[in-house]
Q: 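The following block contains the structure, expressed as C-alpha cells.
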Amino acid sequence: MAGILVIAEANEGALSSISGELLGAARKLAGEGAGTVTAFVAGSEALGKELIALGADAAIVDTNPALQGALAEVYLPAVQAALQQSGADIVLMGQTALGRDLGPMLAFALDTAVSMETVDLKYQGKLIATRSCYGGNARAEVSFKNAPAIATVKAKSFDALPADASRTGAVTTIDVAGEARIKILGVQKAESTGIRLEDAPVVVSGGRGLGDPSGFKLLEELAALLKGATGASRAACDLGWYPPSQQVGLTGKVVSPNLYIAVAISGASQHMAGMAGSKNIVAINKDPDANMVKVAKYAVIDDYRKVVPALIEEIKKLG
Ligand SMILES: Cc1cc2nc3c(=O)[nH]c(=O)nc-3n(C[C@H](O)[C@H](O)[C@H](O)COP(=O)(O)OP(=O)(O)OC[C@H]3O[C@@H](n4cnc5c(N)ncnc54)[C@H](O)[C@@H]3O)c2cc1C
C-alpha cells in the first residue's frame with residue numbers, strides 16, 4: 001500500500017478552501033515519494049473533476065445524500081471504502097468540524113494514530129507530521145507506528161495549487177454511508193457582514209489594550225477603508241467587546257492576509273498561531289517590548305487612540 005487519500009469537503013456544492021490546501025500538501029508529499037494522490041469527496045462527479053484540476057491523480061465521489069450532513073459517523077464507512085479502493089497509507093483531512101471527529105474515529109477503527117492540529121508535513125520514507133502542542137507554545141514532530149498515518153491539517157498551513165483544467169484522472173463513484181445516531185434538527189448560519197475574515201487580504205485586529213469595545217468602531221472604519229475585515233484577540237472576545245466568530249488565534253480563526261494590523265495586541269503565542277503566516281505585520285502598541293512589535297515588519301509605538309485616527313485621515317487623503 002502506498003499513496004495519499006485526501007478527504008475533501010464541499011459546502012453547498014462548492015469545494016471548501018481546505019480541500020485545495022490539502023491537495024497542495026498531498027502534492028508536496030507525492031513529490032517527496034509518498035505515492036499517488038486520491039481525493040475523496042461527498043457530492044457530485046463535477047466536484048471530482050475539480051479535485052483532479054487542483055492536484056488529485058484520481059477522485060472517489062460518494063453520491064450518497066446522507067453524507068451531506070457532514071457527520072463523522074456517517075462518513076466513516078465511506079472513507080474506509082475509499083481507503084481500500086485507493087490503497088493509500090496516508091490520510092489527510094482538515095482540522096474542521098468534520099475532521100476533528102472523523103480523524104480520531106478513523107484512527108480508532110483502524111488501530112492507528114492521528115496527528116491533530118497538524119501545521120506541516122514531510123515524507124522521509126514515512127510521514128512526519130508537525131503539530132502544535134502545549135496550548136500553541138511548542139511544536140512536536142510525530143511519526144506513526146501503524147498504517148495508515150492520519151493527519152488533520154489546520155487551515156492555511158499549505159497553499160492550494162492553481163486549478164489546472166488540463167490535468168486528467170479517473171473519477172469513480174461509490175454509494176456508501178454509515179448510520180447516523182445524531183439527528184440534526186436545524187442549521188443556523190453565523191451572521192456575517194462584509195468580507196470573511198479568513199479570505200480578507202487585509203485584517204485589522206484589536207486587543208485588550210483598546211480599553212473598551214468602542215475602540216473596535218475605529219478599527220472597523222480602518223478595515224473598511226482598506227477593504228479588509230476586523231479581527232480580535234481572545235482577551236477582547238472574552239471581555240465581550242467583539243464577537244467570538246472574529247477571534248484570531250489557536251482557538252480562533254487562522255488568517256494569512258497580505259497585511260495584518262495588530263492594534264493593542266501583545267502577541268501571545270496563541271494569538272500568533274492564528275496570524276503568523278501574514279505576509280506583512282504592522283503593530284500599533286504603546287509597549288516597544290511587546291512581542292507583536294518584535295515580529296512586526298513596521299511598528300508604531302504610541303497610543304492607538306492617536307495613531308489609528310491619524311492613519312484613517314491619511315488613507316482618506318489618498319482617495
Ligand atoms: C489554550 C489557550 C488558547 C488561547 N487561544 C487564543 C487565541 O486563539 N487567540 C488569542 O488572541 N489568544 C488566545 N489565548 C490567550 C493568549 O494567551 C493571550 O492572553 C491573549 O492573546 C492576550 O490578548 P491581548 O494581546 O489582546 O491582551 P494583552 O496581552 O493584555 O495585551 C494588550 C496589549 O495592548 C497594548 N496597549 C495597551 N493600551 C494601549 C493603547 N492605548 N494603545 C496601544 N497599545 C496599547 C499593551 O502594551 C499590550 O501589548 C489563548 C490562551 C490559551 C491558554
Side-chain angles (χ1 to χ4, degrees), residues 11 16-18 97 136 154-156 188-288 290-319:
N11 194 5
S16 309
S17 53
I18 189 73
K154 282 187 82 170
K156 310 282 183 194
Q188 201 173 350
K189 277 195 178 175
E191 271 182 49
S192 67
T193 48
I195 189 162
R196 257 168 44 107
L197 190 61
E198 303 93 305
D199 302 330
V202 177
V203 174
V204 182
S205 284
R208 181 160 34 203
L210 292 183
D212 61 62
S214 66
F216 277 100
K217 290 276 164 262
L218 266 181
L219 305 199
E220 283 174 352
E221 191 181 347
L222 179 59
L225 278 171
L226 297 170
K227 299 190 173 41
T230 312
S233 71
R234 177 161 156 180
C237 294
D238 285 353
L239 284 161
W241 294 354
Y242 219 57
S245 62
Q246 300 307 101
Q247 182 187 314
V248 173
L250 183 71
T251 43
K253 301 265 165 63
V254 179
V255 299
S256 56
N258 293 329
L259 176 60
Y260 189 86
I261 305 182
V263 185
I265 297 179
S266 59
S269 61
Q270 295 89 357
H271 187 83
M272 305 305 293
M275 44 62 72
S278 304
K279 314 290 177 289
N280 297 287
I281 299 170
V282 173
I284 298 173
N285 202 303
K286 280 201 307 196
D287 177 7
N291 188 47
M292 189 62 83
V293 172
K294 289 183 188 144
V295 299
K297 192 165 186 178
Y298 303 101
V300 186
I301 310 300
D302 211 334
D303 191 322
Y304 84 94
R305 294 181 192 88
K306 278 199 264 171
V307 180
V308 177
L311 194 55
I312 289 172
E313 282 318 305
E314 286 305 312
I315 294 170
K316 278 184 180 165
K317 278 185 208 160
L318 294 173

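Atom set for the values below is all heavy atoms of this structure, side chains included, hydrogens, waters and symmetry mates excluded. Count residues from 1 along the sequence.
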Q: Testing the basics here: between Gly267 and Asn291, what is the closest heavy-atom pair and its distance to 0.1 Å?
A: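 Looks like O-ND2, 2.7 Å.
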Q: The test is side-chain contact (heavy atoms from CB on, under 4.5 Å); show your working for Val255 and Lys156 and say whether it passes.
A: CA-CA 7 Å; Val255 299; Lys156 310 282 183 194; 5.9 Å; no
Q: With a 4.5 Å cut-off on side-chain heavy atoms, are Pro257 and Ser278 touching?
A: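 Yes, side chains in contact.
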Q: Would you name the heavy atoms of Asp212 and Trp241 that are closest together and state the gap between them?
A: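 Looking at all heavy atoms of both residues, the closest pair is N-CH2, 3.6 Å.
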Q: Between NZ of Lys297 and CG of Leu259, what distance do you get to the nearest 0.5 Å?
A: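 Going from the NZ atom of Lys297 to the CG atom of Leu259 covers 10.0 Å.
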Q: Between Ser256 and Gly277, what is the shortest heavy-atom contact and its length?
A: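 The answer is CB-O, 3.7 Å.
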Q: Check each of Thr230, Val248, Leu197 against Ser205 using the side chain to side chain contact (heavy atoms under 4.5 Å, CB included) test, and report the only one that passes.
A: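 Only one of Thr230, Val248, Leu197 forms a side chain to side chain contact (heavy atoms under 4.5 Å, CB included) with Ser205, namely Val248.
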Q: So which atom in Lys286 and which in Ile301 form the shortest heavy-atom distance, rounded to 0.1 Å?
A: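 So the two residues come closest at O-CG2, 3.5 Å.
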Q: Heavy-atom distance under 4.5 Å between the side chains of Met275 and Lys253, does that happen here?
A: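 Not touching, per the 4.5 Å side-chain cut-off.
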Q: List for me each residue that meets side chain to side chain donor-acceptor pair (under 3.5 Å) alongside Lys217, sequence neighbours excluded, and say none if there are none.
A: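 So Lys217 forms no side chain to side chain donor-acceptor pair (under 3.5 Å) with any residue.
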Q: In Å, rounded to the nearest 0.5 Å, how long is the span from CD1 of Ile281 to NZ of Lys294?
A: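 Ile281 atom CD1 to Lys294 atom NZ measures 14.5 Å (nearest 0.5 Å).
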Q: Is there side-chain contact between Leu225 and Leu311, with heavy atoms separated by less than 4.5 Å?
A: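 No, side chains not in contact.
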Q: Looking at Ile284 and Asp302, what are the two nearest heavy atoms and their distance?
A: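 Closest approach of Ile284 to Asp302, heavy atoms only: CG2-O, 4.4 Å.
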Q: Could you check whether any side-chain heavy atom of Leu219 comes within less than 4.5 Å of a side-chain heavy atom of Leu210, counting everything from C-beta outward?
A: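 Counting from C-beta outward, Leu219 and Leu210 do come under 4.5 Å.
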Q: Got a second to check how far Asp238's CG is from Ser233's OG, nearest 0.5 Å?
A: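 Atom-to-atom, Asp238:CG and Ser233:OG are 8.0 Å apart.
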Q: Any non-hydrogen side-chain atom of Leu222 less than 4.5 Å from a side-chain atom of Ile315?
A: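 Yes - at least one pair of side-chain heavy atoms lies under 4.5 Å apart.
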Q: Taking the side chain as C-beta and beyond, is there a heavy-atom pair between Gln246 and Phe216 under 4.5 Å?
A: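 No; the side chains remain at least 4.5 Å from each other.
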Q: When you compare the side chains of Asn258 and Lys279, does any donor N or O come within less than 3.5 Å of an acceptor on the partner?
A: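 Distance-only check fails for Asn258 and Lys279.
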Q: Do Ile312 and Leu218 come within less than 4.5 Å of each other through their side chains, counting heavy atoms only?
A: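 Yes - at least one pair of side-chain heavy atoms lies under 4.5 Å apart.
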Q: Can you check whether Ile195 reaches Lys227 side chain to side chain, under 4.5 Å on heavy atoms?
A: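 Heavy-atom side-chain distance check fails, nothing below 4.5 Å.
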Q: Just to verify, what does Arg208 make a salt bridge (Lys or Arg N to Asp or Glu O under 4.0 Å) with, not counting sequence neighbours?
A: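 With sequence neighbours excluded, Arg208 shows a salt bridge (Lys or Arg N to Asp or Glu O under 4.0 Å) to no residue whatsoever.
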Q: Do you know the tightest heavy-atom contact between Ala290 and Asn285?
A: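 Distance-wise, the nearest heavy atoms are CB-ND2, 3.8 Å.
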